[in-house]
2 protein chains.
Amino acid sequence: MTAQRRVVAEVLEGEHVHLTADEVHARAVAKLPEISRATVYNTLGELVSLGEVLEVATDKRAKRYDPNAHRPHHHLVCAQCGTIRDVHPTGNPLADLPASERFGFTVSDVEVTYRGVCPTCATP
Amino acid sequence: MTAQRRVVAEVLEGEHVHLTADEVHARAVAKLPEISRATVYNTLGELVSLGEVLEVATDKRAKRYDPNAHRPHHHLVCAQCGTIRDVHPTGNPLADLPASERFGFTVSDVEVTYRGVCPTCATP
DNA sequence: GGCTTAACCTGGACTTTGTCTAATGGATCT
DNA sequence: AGATCCATTAGACAAAGTCCAGGTTAAGCC
């Protein structure tokens with residue numbers, strides 16, 4: 001556990017946090033100016049391997065990192081400003097895929113992304 | 001409708017087609033050698049705006065283009081080889097997000113990605 | 001047919017996101 | 001103190017995508 005890793009972990013604390021690698025780097029630099037981009041990428045990769053942080057692909061540009069890895073959830077994304085909230089739908093989406101639609105795959109995971117417009121963007 | 005656009009449209013025909021922009025370009029070049037990358041990107045962007053083609057983000061690297069835009073569906077992705085199949089789950093996932101989990105958003109769309117291992121990758 | 005105009009296409013430069021590597025530096029062990 | 005190990009750094013590199021200046025084609029109009 002080095003100072004750099006602690007800073008990256010600190011940046012990724014909280015609910016509804018979904019930062020890109022560069023955003024993590026920017027905030028890490030604010031706390032530890034000499035931290036490098038490569039270290040941020042390495043540390044994020046390790047956190048993902050350890051299962052402490054999830055990669056989410058809601059944005060089609062850059063990967064985002066979600067520290068809420070221990071409570072399963074899905075995402076609700078504003079189509080205009082890109083804000084992301086963690087959400088917990090009812091039911092089990094895995095059960096909604098009948099065997100006839102599985103093409104022989106062993107299905108182990110589902111990722112659900114809701115899209116819409118957030119209250120802030122909706123009010124003109 | 002120019003020759004270039006026709007070629008891009010032809011490349012994107014069929015079921016379970018999910019090509020990246022560069023794959024589309026490679027196949028388009030086979031039919032029309034002088035077609036440029038920029039034109040492929042422009043044409044794909046127009047097809048997406050027209051609603052004829054969908055962008056899918058199953059791969060975390062490059063965007064993929066799905067010509068099956070008129071029949072709503074979701075995707076089943078092999079975690080190992082990346083193969084993608086179009087699937088039609090039962091039920092309506094939108095209904096599974098209760099109002100208390102909508103945070104005031106106007107939710108209009110859901111994207112479901114199933115992950116697993118395909119039969120080919122499962123047999124050793 | 002020839003001219004004008006608009007749209008389209010091309011090639012390359014550029015940006016963004018992410019990965020890799022060689023070299024540095026700091027800790028730990030003996 | 002010396003040796004060793006691992007993390008970190010800076011910068012080069014690669015992949016994916018965007019942008020722009022200029023050339024070409026197509027369409028309309030005389």
Side-chain angles (χ1 to χ4, degrees), chain A residues 1-12 17-50 52-67 75 77 79-82 84 113, chain B residues 1-12 17-50 52-67 75 77 79 81-82 84 111 113:
Chain A
M1 174 56 72
T2 65
Q4 287 83 352
R5 293 182 189 194
R6 194 178 324 110
V7 165
V8 170
E10 280 172 21
V11 165
L12 282 174
V17 170
H18 309 88
L19 300 169
T20 65
D22 269 357
E23 286 165 354
V24 172
H25 179 233
R27 299 191 187 198
V29 164
K31 299 187 176 211
L32 187 71
E34 68 274 23
I35 194 170
S36 78
R37 248 163 40 91
T39 296
V40 171
Y41 275 100
N42 286 341
T43 305
L44 288 173
E46 284 162 21
L47 289 171
V48 170
S49 298
L50 291 173
E52 295 296 318
V53 165
L54 296 177
E55 265 179 13
V56 296
T58 55
D59 187 316
K60 289 195 182 63
R61 293 228 311 274
K63 293 177 195 168
R64 292 183 173 274
Y65 294 88
D66 182 342
H75 293 109
V77 184
Q80 288 182 34
C81 67
I84 304 173
T113 305
Chain B
M1 174 58 69
T2 65
Q4 287 82 350
R5 293 183 189 193
R6 194 177 325 110
V7 165
V8 171
E10 281 172 21
V11 166
L12 282 174
V17 170
H18 309 89
L19 299 170
T20 65
D22 270 356
E23 286 165 354
V24 172
H25 180 233
R27 299 190 186 198
V29 164
K31 299 187 178 212
L32 188 72
E34 68 274 24
I35 194 170
S36 77
R37 248 162 41 92
T39 297
V40 170
Y41 274 101
N42 286 340
T43 306
L44 288 173
E46 285 162 20
L47 288 170
V48 170
S49 298
L50 292 172
E52 296 294 320
V53 165
L54 297 176
E55 264 178 15
V56 296
T58 54
D59 188 317
K60 288 196 181 67
R61 294 228 309 275
K63 293 177 195 168
R64 292 183 173 273
Y65 294 88
D66 182 342
H75 292 108
V77 183
C81 68
I84 304 173
E111 207 182 311
T113 304

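All of these numbers come straight from a predicted model, not from anything done at the bench. To find a chain, count down the sequence lines: A is the first, B the second, and so on, and within it residues start at 1.
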Is any side-chain nitrogen or oxygen of A/Y41 closer than 4.0 Å to OP1 or OP2 of C/dT19?
-> no

Toward the 5' end of DNA chain D, which comes first, B/Y65 or B/N42, by nearest nucleotide?
-> B/Y65

Describe the nucleic acid contact of A/T39 in one word from base, sugar-phosphate, nothing, applying a heavy-atom distance below 4.0 Å.
-> base

Any side-chain heavy-atom pair of B/L12 and B/L47 under 4.5 Å | yes

B/R37 vs B/Q4, nearer the 5' end of DNA chain C by closest nucleotide | B/Q4

With sugar-phosphate meaning primed atoms plus P, OP1 and OP2, does A/D22 contact a base, only sugar-phosphate, or nothing at under 4.0 Å between heavy atoms?
-> sugar-phosphate

Under 4.0 Å between a side-chain N/O of A/R61 and OP1 or OP2 of D/dA16, yes or no?
-> no

Starting at CG of B/L19, measure out to CG of B/L44 and round the result to the nearest 0.5 Å.
-> 9.5 Å

Indicate, with a heavy-atom threshold strictly under 4.0 Å, whether B/A38 touches base, sugar-phosphate, or nothing.
-> base

For A/R5 and D/dC6, what is the distance between atoms CZ and P respectively, to the nearest whole Å?
-> 12 Å

Within the pair A/T2 and D/dT8, is there a side-chain N or O less than 4.0 Å away from OP1 or OP2?
-> yes

Which of these passes salt bridge (charged side-chain N to carboxylate O under 4.0 Å, His left out) with A/E10: A/K31, A/R5, A/R27?
-> A/K31

